[in-house]
K.L.:
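I'd like to ask some things about the structure below.
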Amino acid sequence: ETGVTQTPRHLVMGMTNKKSLKCEQHLGHNAMYWYKQSAKKPLELMFVYNFKEQTENNSVPSRFSPECPNSSHLFLHLHTLQPEDSALYLCASSSGWGTDTQYFGPGTRLTVL
Amino acid sequence: KNEVEQSPQNLTAQEGEFITINCSYSVGISALHWLQQHPGGGIVSLFMLSSGKKKHGRLIATINIQEKHSSLHITASHPRDSAVYICAVDYFGNEKLTFGTGTRLTIIP
């Protein structure tokens, strides 16, 4: 399998639930990203990992917790979310951090009830 | 605040028409990206350019650095081109992309 994969593709959760989003890239890239896409708003960068080290945390609430165990895998742990957190969460990877072309996964459509 | 403006926000056209989507930005950039997002969410990178023009199949991207403006053109448009087209820029000194809100294109058979 090639490219960037994300699971699950759809997730519905209550505000008290704990869930995790998973991203995996098979491109040999060193940088991985989490983005949030809400309706009618630009993509918002949440986190960047470069060589497994977090290099960017774009003022994201602590109810979102990223984890990058290795350069191929990226997780986003979710707990005590709010309905306004409902959005499409996209993972991307690039060869290097910064200006390299990013390759995106299909996204996880999250609904918080 | 560095921003990226796209126009139009929505565009509906007949199959076969020539399509132009515009992107403007505010200060110096190292590169500009055009991305395509199909219904369902997946995003594909179409072009990355810092000057001049690039062509891939029926898609053409141009950039005018002096005017801080880029255009994405689609020739002989087809219903499968229906998607959201997103412009993103790498501002100098800011090692992350700044995204526009996208242009929703619908091509009617």
Side-chain angles (χ1 to χ4, degrees), chain A residues 2-11 21 23 25 27 29-50 53-60 86-111, chain B residues 1-10 21 23-51 54 56 59 61 63 65 70 72 83-104:
Chain A
T2 60
V4 181
T5 59
Q6 288 186 244
T7 55
R9 294 293 308 276
H10 300 271
L11 178 62
L21 309 184
C23 175
Q25 58 97 0
L27 300 168
H29 289 166
N30 298 310
M32 296 186 78
Y33 311 77
W34 278 119
Y35 288 95
K36 176 183 178 182
Q37 187 178 38
S38 304
K40 300 190 187 305
K41 292 176 68 175
L43 277 162
E44 301 172 55
L45 179 66
M46 300 175 72
F47 301 103
V48 181
Y49 277 82
N50 193 35
E53 297 296 321
Q54 189 179 123
T55 54
E56 188 85 23
N57 177 338
N58 212 25
S59 303
V60 180
S86 299
L88 181 69
Y89 289 84
L90 289 154
C91 174
S93 71
S94 64
S95 181
W97 174 48
T99 60
D100 285 356
T101 296
Q102 294 181 23
Y103 294 79
F104 287 81
T108 295
R109 176 71 63 186
L110 173 67
T111 303
Chain B
K1 181 180 177 183
N2 296 337
E3 290 188 342
V4 178
E5 300 288 335
Q6 286 187 239
S7 64
Q9 289 189 341
N10 295 282
I21 298 170
C23 175
S24 297
Y25 51 92
S26 53
V27 294
I29 65 170
S30 57
L32 182 142
H33 303 253
W34 281 104
L35 309 166
Q36 179 191 58
Q37 185 173 29
H38 277 285
I43 293 178
V44 174
S45 180
L46 298 175
F47 296 103
M48 182 173 73
L49 64 165
S50 54
S51 65
K54 286 191 176 180
H56 185 255
L59 301 177
I63 188 168
I65 298 296
S70 175
L72 176 68
V84 175
Y85 292 84
I86 301 169
C87 174
V89 301
D90 293 314
Y91 282 112
F92 283 125
N94 188 18
E95 289 182 329
K96 57 185 179 183
L97 295 176
T98 302
F99 293 84
T101 53
T103 294
R104 183 173 299 278

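We name chains A, B, ... by the order of the sequence lines, and we start the count at 1 in each one.
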K.L.:
So what's closer than 4.5 Å to chain B heavy atoms on A/Arg109: side chain, backbone, both or neither?
P.N.:
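The answer is neither part of A/Arg109.
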K.L.:
Is the shortest side-chain heavy-atom distance between B/Gln37 and A/Leu90 below 4.5 Å?
P.N.:
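They are in side-chain contact.
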K.L.:
How close do B/Ile43 and A/Phe104 get, counting heavy atoms only, and between which atoms?
P.N.:
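So the minimum-distance heavy-atom pair works out to O-CB, 3.4 Å.
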K.L.:
Pick one of side chain, backbone, both or neither for A/Gln37, based on which atoms fall under 4.5 Å of a heavy atom in chain B.
P.N.:
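The answer is the side chain of A/Gln37.
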K.L.:
Can you tell me if A/Gln54 has over 12 outside heavy atoms packed within less than 6.0 Å of its CD?
P.N.:
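Enclosed.
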K.L.:
Between A/Tyr35 and chain B, which part of the residue has a heavy atom less than 4.5 Å away: side chain, backbone, both or neither?
P.N.:
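The side chain, not the backbone.
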K.L.:
Nearest 0.5 Å, please: how far is CE in B/Met48 from CD in A/Gln102?
P.N.:
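Answer for the CD-CE pair, A/Gln102 versus B/Met48, is 10.5 Å.
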K.L.:
Would A/Leu43 and B/Leu97 count as a side-chain contact (heavy atoms from CB on, under 4.5 Å) here? Give the steps.
P.N.:
CA-CA 9 Å; A/Leu43 277 162; B/Leu97 295 176; over 6 Å; no
K.L.:
Assess whether atom CZ of B/Phe47 is packed by more than 12 heavy atoms of other residues, nucleotides or ligands within 6.0 Å.
P.N.:
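Buried by this count: over 12 neighbours within 6.0 Å.
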